[in-house]
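This report refers to the structure that appears directly beneath it.
Any value given below was found using the heavy atoms of this structure, including those in side chains, with hydrogens, waters and symmetry copies removed. Every chain is numbered from 1 and lettered A, B, ... according to where its sequence line falls, protein lines coming before strand lines.
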Amino acid sequence: MFKDLFQKKKYAVVPSERVSAERPKREIPEGLMNKCPKCGTIQFSKELEKNQKVCSSCGHHFRLSAHERIAMTIDEGTFSEIDADLVSQDPLNFPGYAGKLEQQKASSGLKDAIVTGEGEIGGFRVVIGVMSFDFFTGSMGSVVGEKVTRAIERAAEKQLPLLLFSTSGGARMQESILSLMQMAKTSAALARFQDQGGLFISVFTDPTLGGVSASFASLGDYNLAEPGAIVGFAGRIVIEQTIRQKLPDNFQTAEFNLKHGQLDKVVHRKDMKSFLTKLLDMHSAKGDPADVS
Amino acid sequence: MSLELPFEKPLAELRKKIDELKKFGAERQIDFTDEIGRLELRYQELEQEIYGNLTAAQIMHLARHHARPTTLDYIPHVFTDFIELHGDRVFADDLAIVGGLAKLNGVPVTVVGHQRGKDTKDNIQRFFGSPHPEGFRKALRFMQQANKFGRPIITFIDTKGAYPGDTAEERGQSEAIARNLHAMSTFGVPIICVVIGEGGSGGALALGVGNRVLMLENAIYSVISPNGAASILWKDASKADQAAETMKITAKDLLEFGVIEEVIPEPYGGAHRDLPVQAEAIKEALWRHMRELSALSPEQLMEDRYAKFRKVGVFAEEAAPLPVTE
């Protein structure tokens, strides 16, 4: 019949082991490829790493772990960690805190949200602290506060420049008032160090908010940030709920903060080390015009 | 609005009964002295029972009580000759912060504090006591002036926190708070802080780096509001009461942590029940601490303040492994 011409032929579906066995292969194996959270470009992890974890397509700066950052910033073979054995306690007996600490240690391979130490950048010796967002969203409790303070004191004692890379969701709620007081502790230590002529370079990385932003991270003699890093006090959602308005996409980005006078410079990751070296060099010698021939 | 909080209802009811009985007795000329005496005794017991065992959540509700005295309520009772000053000299006069010069028992001091509104209109003007950066910079200017002229600094802390707004971020809310922490640690004059209501996070601490930090008995002080903590912990901001118990926010808790030096007692039912009595207790404590601190040199005052904050924190040092080199 004419009608049959338009009828689709029905085929029996034969389950094929080959097809179903092949299917998982089409998915990207864990860790081989990376999708840029900003532009969606998929790139090989190895390529991304070669590019210092910056998207080759849109320039998005992926978040780094503390050790990745140190490897990128400090001259090879010069880093030695300090205060590596400081670990958080549970002074409030806060429900779930002790368990979460263990889980965060296991998943990040870190003991807390900051790694501190000494090393060289372009040959200049510095005391460095690098926060890691992958440990408890980089939150500051007693351990972060103490390690930052000890790093500052070490820089003061050895008369070395201090460099801190920050990333943090804010103060660690599970240590309540003790976390809040770390803001005062670190800021007071910085005031002493800076009043003695100490140099403190602060680098904001994505994201730096709340108690960390509102204490040592904002107190650099030079405040720098990586492109696109979210830097601010209150979180976007809280602000939107308060003012009952949608905020622009660029709100609290490094570029937004630069425009509003809150930063000295936004520095691309590929230029960071050379820029830091240049800045350290500016402070390495007291030039006397009389000596210049 | 009624003064009673839900947990105070039994007291209010008993008081009402006593009053009715007195009135009835007077009208009918019947002698109820014995009954009234018994009820008054029962009232005192009940008062002790309720106020002697307040939970952290009940304390939080007292700290947030709409009638709770504010900085400007205390100033005329605690000090004389108050001269209010204004502005940060950069952007604006943030009314969430008030301050100026005053005398405490005849001694000139600088006083600065958060200021909540007394009604809706006032609250809108004062951003409910939540400062913008210009507020923190206004406070800093007053404190720098005190440092220059060698006047002790007294701060009153009473805020839910720094204002979370877009313009606050644009003008550097973080930097403004951080700058106050930094600067307050370097002043060579005595700094005494009193948490009179709610001490909310960085916005509170920005007036809180003192040689002595005192708290009223029913004040609270925490890193995040119990409501905020509840919404993070249990995705439910209405569980603030539960969060209040967990977060150790009361004056008693903070005294145990060594974060504050003294708890200033409140009258039964809270500071709002008797402003003059409360103000007198604050004045007495301030004067006592000021006299103690006046014996110290500027360097000693700085050292004393540094040591106080330097030691805060609870952590452990595990047996050190071999140094890690990368």
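- In terms of heavy-atom pairs under 4.5 angstrom with chain A, the leader among B/Gly172, B/Ala183, B/Ala168, B/Ala162 is B/Gly172.
- Within the cation-pi definition used here (under 6.0 Å to the ring centroid, within 45° of the axis), B/Arg137 does not qualify as a partner of B/Phe91.
- Among the candidates A/Leu178, A/Val87, A/Ile82, the residue making the largest number of heavy-atom pairs closer than 4.5 Å to chain B is A/Val87.
- Taking chain B as the reference chain and counting heavy-atom pairs below 4.5 Å, the highest number among A/Thr149, A/Val143, A/Asp90 is found for A/Thr149.
- Looking at A/Arg236, neither its backbone nor its side chain comes within 4.5 Å of chain B, counting heavy atoms on both sides.
- Annotation: the span from A/Leu64 atom CG to A/Thr73 atom OG1 amounts to 8.0 Å, rounded to 0.5 Å.
- For A/Leu86, the parts sitting under 4.5 Å from any heavy atom of chain B are the backbone and the side chain alike.
- The part of A/Glu153 that comes within reach of chain B is its side chain, from C-beta onward, which places non-hydrogen atoms under 4.5 angstrom from that chain.
- Within residues 193-208 of chain B, the residues having any heavy atom less than 4.5 Å from a heavy atom of chain A are, in residue-number order, B/Ser201, B/Gly202, B/Leu205.
- Ring geometry for B/His132 against B/Tyr163 counts as parallel: the plane angle stays under 30°, on a 0 to 90° scale with 60° as the upper cut.
- At a 4.5 Å heavy-atom cutoff, the contact between B/Val259 and chain A is made by side-chain atoms alone.
- A cation-pi geometry, defined here as NZ or CZ lying under 6.0 Å from the six-membered ring centre and within 45° of its normal, does not hold between A/Lys105 and A/Phe135.
- B/Arg179 touches chain A through backbone and side chain together, each having a heavy atom under 4.5 Å away.
- Salt bridge annotation for A/Asp112-A/Lys147: absent, with no cationic side-chain nitrogen under 4.0 angstrom from a carboxylate oxygen.
- The greatest number of non-hydrogen atom pairs below 4.5 Å with chain B, out of A/Leu219, A/Asp195, A/Ile243, is found for A/Leu219.
- Between the side chains of A/Asp134 and A/Ser108, no donor-acceptor pair is found at a separation under 3.5 Å.
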Is there a salt bridge (charged side-chain N to carboxylate O under 4.0 Å, His left out) between B/Lys248 and B/Glu256 once you walk through the steps?
CA-CA 10 Å; B/Lys248 307 267 195 288; B/Glu256 269 170 36; over 6 Å; no
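- Counting only N and O atoms by type, the side chains of A/Lys185 and A/Gln182 include a donor and acceptor under 3.5 Å apart.
- Taking the centre and axis of the six-membered ring of B/Phe128, the NZ or CZ atom of B/Arg116 falls outside the cone set by 45° and 6.0 Å.
- Using a 4.5 Å cut-off between heavy atoms, A/Phe256 touches chain B through its side chain atoms alone.
- Within the 4.5 angstrom heavy-atom criterion, only side-chain atoms of A/Gln194, from C-beta onward, approach chain B.
- With chain B as the partner, the residue from A/Arg192, A/Met181, A/Gln245 showing the most heavy-atom pairs under 4.5 Å is A/Arg192.
- Between A/Lys273 and A/Asp75, at least one side-chain N (NZ, or NE/NH1/NH2) sits under 4.0 Å from a carboxylate O, which counts as a salt bridge.
- A salt bridge links B/Asp122 with B/Arg126: the closest approach of a Lys/Arg side-chain nitrogen to an acidic carboxylate oxygen falls below 4.0 angstrom.
- Neither the backbone nor the side chain of A/Ala217 comes within less than 4.5 Å of any heavy atom in chain B.
- The residues A/Glu146 and B/Lys311 are annotated as not salt-bridged, no charged nitrogen and carboxylate oxygen being separated by less than 4.0 angstrom.
- Between the OG atom in A/Ser215 and the CG atom in B/Leu181 there is a gap of 7.0 Å [rounded to 0.5 Å].
- Ion pairing between a basic and an acidic side chain is recognised when a charged N comes within 4.0 Å of a carboxylate O; A/Arg69 and A/Glu226 show such pairing.
- Of the two parts of B/Val312, the backbone and the side chain both hold a non-hydrogen atom closer than 4.5 Å to a non-hydrogen atom of chain A.
- Residue contact with chain B, scored on non-hydrogen atoms closer than 4.5 Å, involves the backbone and the side chain of A/Leu190 alike.
- Residues A/Arg150 and B/Glu317 are paired through a salt bridge, judged by an N-O separation under 4.0 Å between the basic side chain and the carboxylate.
- Between chain A and the residues B/Ser174, B/Ala178, B/Ser185, the largest count of heavy-atom pairs under 4.5 Å involves B/Ser174.
- Highest contact tally toward chain A, considering only B/Pro164, B/Ala229, B/Gly313, is held by B/Pro164 [criterion: heavy-atom pairs under 4.5 Å].
- For CD of A/Glu157, the number of neighbouring non-hydrogen atoms (other residues, nucleotides, ligands) closer than 6.0 Å is 12 at most.
- Checking A/Glu175 against A/Ser142 by side-chain atom types alone, a donor-acceptor pair falls below 3.5 Å.
- Ranked by heavy-atom pairs shorter than 4.5 Å toward chain A, the options B/Arg305, B/Met184, B/Glu303, B/Met302 are led by B/Glu303.
- Within the 4.5 angstrom heavy-atom criterion, no atom of A/Asn93 approaches chain B.
- Summarising the geometry, atom CG belonging to B/Asp94 is positioned 11.5 Å from atom CD belonging to B/Gln115; distances are rounded to the nearest 0.5 Å.
- Defined by atom type and a distance below 3.5 Å, a donor-acceptor pair is missing between the side-chain atoms of B/Glu261 and B/His289.
- Taking chain B as the reference chain and counting heavy-atom pairs below 4.5 Å, the highest number among A/Ala189, A/Gly210, A/Gly261 is found for A/Ala189.
- At a 4.5 Å heavy-atom cutoff, the contact between B/Thr246 and chain A is made by backbone and side-chain atoms alike.
- The contact list for residues 211-221 of chain B toward chain A, using heavy atoms and a distance under 4.5 Å, reads B/Tyr221 by residue number.
- If you check the side chains of A/Asn250 and A/Thr253, you find no donor sitting under 3.5 Å from an acceptor.
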